[in-house]
A.B. asks: 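Here you go, one structure.
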There are 2 protein chains.
Amino acid sequence: MPPDARYSPQVANKDPLDLRLSVDRGSPVPLYFQLSQQLESAIERGLLVPGNLLGNEIELAGRLGLSRPTVRQAIQALVEKGLLVRRRGIGTQVVHSQVRRPLELSSLYDDLEAAGQQPATRVLRLETQEAGAEAAAALGLAEGARVRLLERLRLTHGEPVAFLRNYLPPDVLKPEVAELERTGLYRLLRGAGSTLHSARQSVGARSASAAEAELLDEQAGAPLLTMQRTTYDDTGRAVEYGTHLYRASRYAFNFQLLVRG
Amino acid sequence: MPPDARYSPQVANKDPLDLRLSVDRGSPVPLYFQLSQQLESAIERGLLVPGNLLGNEIELAGRLGLSRPTVRQAIQALVEKGLLVRRRGIGTQVVHSQVRRPLELSSLYDDLEAAGQQPATRVLRLETQEAGAEAAAALGLAEGARVRLLERLRLTHGEPVAFLRNYLPPDVLKPEVAELERTGLYRLLRGAGSTLHSARQSVGARSASAAEAELLDEQAGAPLLTMQRTTYDDTGRAVEYGTHLYRASRYAFNFQLLVRG
DNA sequence: TACGTCTGGTTGTCCGGACAATAACTCGGA
DNA sequence: TCCGAGTTATTGTCCGGACAACCAGACGTA
């Protein structure tokens, strides 16, 4: 194989008919979404190889009995996910990225669970307080407003991984200890009706104090990853502020960024 | 002001005529993009307050002499940036987020420059090598293929902040020391014709070895932030792999994540 | 008061068509 | 052989229209 054959645009194309694309007009699921999902699953399963894609939009529309705008909308969604690239005059290609898991606002609990790490949570504290300056500023509340304070220890295989301190506006979520030990905070927030939208994070590092080391089963002075995060729902309201500590020996953040604009 | 007045949808609206929205049909800039930028700048400058927005799409289209799809495309772009929220049956509102800088694939150089930190770079090493297993895997090359190795020290105000080691496929960029000391790697990559698309990052922490401490002007054992990153262009090709060390006492990662799908 | 119903307003989805911009390919001429 | 012009294919932008889905508030009824 020539050294850069994998970057050539002339990769042979599967016959699109093999993809079994079809839409169900009786379904309440939007047509563009049906198509978009079928294309995505075809890519995930390797039915569509990096290279030239389903010919052109117009023909694809014709074969599916859809209009071109609808097909474009389906393709556009995948372009924004980073699965496809459009090239004017050329066509639309599948991106040949090895790793194309798009990244989401990640939840430590879900991450650990997905990695088969059997996460567990110990709730250390759950109470309502008056907000200090830091939490109030992060949540956009007045200083002294009531906030729920939550402190948890996250473990895998019985060993501590992280110490999590969160502040919640009281009307957003009223968590119970049993729930918190069973699942992650993000899942609870979503379950309570918040549609999470974005988060601002700051990741740093520092040495563990004696108390922190004790809590996390490390030596004093051991390196810790620190993370502060404010999460916003789709109206821009802050629904959670957290300041967390991770054992650097047992955890690292993995994420994928997309370029915007 | 009642406690949650800022979340009420009934915020008085500026007269949209004050916004001086208009489009230039002679310009080569797409109409939807012109409108999108004008709306964005109106939001940035506070002319549009969180609350009810420019009435409805149809009326806005009529006033500007555009079609509704074009207006929708402009609004959609801002929704994806997290500046607006659409609510069926209600209208489109400006998100009331304090911080709404959308985030991009960040460049340390640009970040420091934007923060007024006067970044400087010292090139420690620049040579072509055979790729080791790690770099080859990250770049998707065969082990032993030629790669360019680049080691830099990044400083602000004369003090070291980070040690940067990068691997580049030789046909992507042929950087020169003078360029590297004048600007950041991302800017050079873009200048060389790569359109950067996404990056996978891993952020962790560890204690500085004696040699690392010496280089970064820290004490041995001091906490360091570590970052590995592979950057991909819009065809999914890896254009850069880097493994970096930051002084935790002087730097932290700040970024904003958007929820996907 | 409490609750279901109706109504108006707004975004969501979808269609069919038109022309512009861009890139690859073909082909003729030097 | 090399190079430039023309041709063709494909996505990019834009239009006008239609109906569906959904939400809030007003209204009527129990």
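Here is the naming used below: chain letters follow the sequence lines, and residue numbers restart at 1 for every chain. All values below were derived from every heavy atom in this structure, side-chain atoms included, with hydrogens, water molecules and symmetry-related copies excluded.
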A.B. asks: When you get a sec, tell me which of D/dC15, C/dA23, C/dG16 is the closest nucleotide to the side chain of B/L66?
C.D. replies: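 From the listed options, D/dC15 comes nearest.
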A.B. asks: Which nucleotide sits closest to the side chain of A/L31: D/dA18, C/dC14, D/dC14?
C.D. replies: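 The closest nucleotide is C/dC14.
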A.B. asks: In whole angstroms, how far is the P atom of C/dG16 from the CD atom of A/Q73?
C.D. replies: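 For the pair A/Q73 CD and C/dG16 P, the rounded distance is 15 Å.
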A.B. asks: Counting only side-chain N and O atoms of A/R68, is one of them less than 4.0 Å from OP1 or OP2 of C/dC15?
C.D. replies: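 No, because none of the side-chain N or O atoms of A/R68 sits under 4.0 Å from OP1 or OP2 of C/dC15.
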A.B. asks: Starting the side chain at C-beta, find the nucleotide from D/dG12, C/dT11, D/dC14 nearest to B/T92.
C.D. replies: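 Minimum distance to the B/T92 side chain belongs to C/dT11.
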A.B. asks: What's the CD1-P distance between A/I90 and D/dT8, to the nearest Å?
C.D. replies: 17 Å
A.B. asks: Determine: side-chain N/O of A/S67 to OP1/OP2 of C/dG17, distance under 4.0 Å, yes or no.
C.D. replies: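 No, A/S67 has no side-chain N/O under 4.0 Å of OP1/OP2 on C/dG17.
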A.B. asks: Can you figure out which of C/dC14, C/dA18, D/dC14 approaches the side chain of B/R25 most closely?
C.D. replies: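 Closest nucleotide among those given: D/dC14.
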A.B. asks: Applying the side chain to side chain donor-acceptor pair (under 3.5 Å) test to A/Q76, which of A/E80, A/R72, A/Q73 qualifies?
C.D. replies: A/E80
A.B. asks: Heavy atoms from C-beta onward define the side chain here; which of D/dT13, C/dT13, C/dT11 lies closest to that of B/I58?
C.D. replies: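 From the listed options, C/dT11 comes nearest.
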A.B. asks: Between atom CG in B/L35 and atom C1' in D/dC15, what is the gap in whole Å?
C.D. replies: 16 Å
A.B. asks: Please tell me if B/R87 has a side-chain N or O lying less than 4.0 Å from either OP1 or OP2 of D/dC22.
C.D. replies: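 So the side chain of B/R87 is outside the cut-off, no N or O lying under 4.0 Å from OP1 or OP2 of D/dC22.
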A.B. asks: Using five base pairs at each end to define the local axes, how bent is the helix from C/dT1-D/dA30 to C/dA30-D/dT1, to the nearest 10°?
C.D. replies: 10°
A.B. asks: Nearest-Å distance, CG (A/N56) to P (C/dA23)?
C.D. replies: 18 Å
A.B. asks: Quick check on C/dG12: is either OP1 or OP2 less than 4.0 Å from any side-chain nitrogen or oxygen of B/R72?
C.D. replies: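 For C/dG12, OP1 or OP2 has a side-chain N or O of B/R72 closer than 4.0 Å.
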A.B. asks: Which part of the nucleic acid, if any, lies within reach of A/P69 when heavy atoms closer than 4.0 Å are counted: base, sugar-phosphate only, or nothing?
C.D. replies: base
A.B. asks: Send over the distance from A/Q76 CD to C/dC14 P, rounded to a whole Å.
C.D. replies: 16 Å
A.B. asks: Please report, rounded to the nearest Å, how far the P atom of D/dT11 is from the CD atom of A/Q93.
C.D. replies: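 Value for this atom pair: 11 Å.
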A.B. asks: With DNA chain C as reference, determine whether A/R88 or A/Y32 sits nearer its 5' end, using the nearest nucleotide of each.
C.D. replies: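 The 5'-side residue here is A/Y32.
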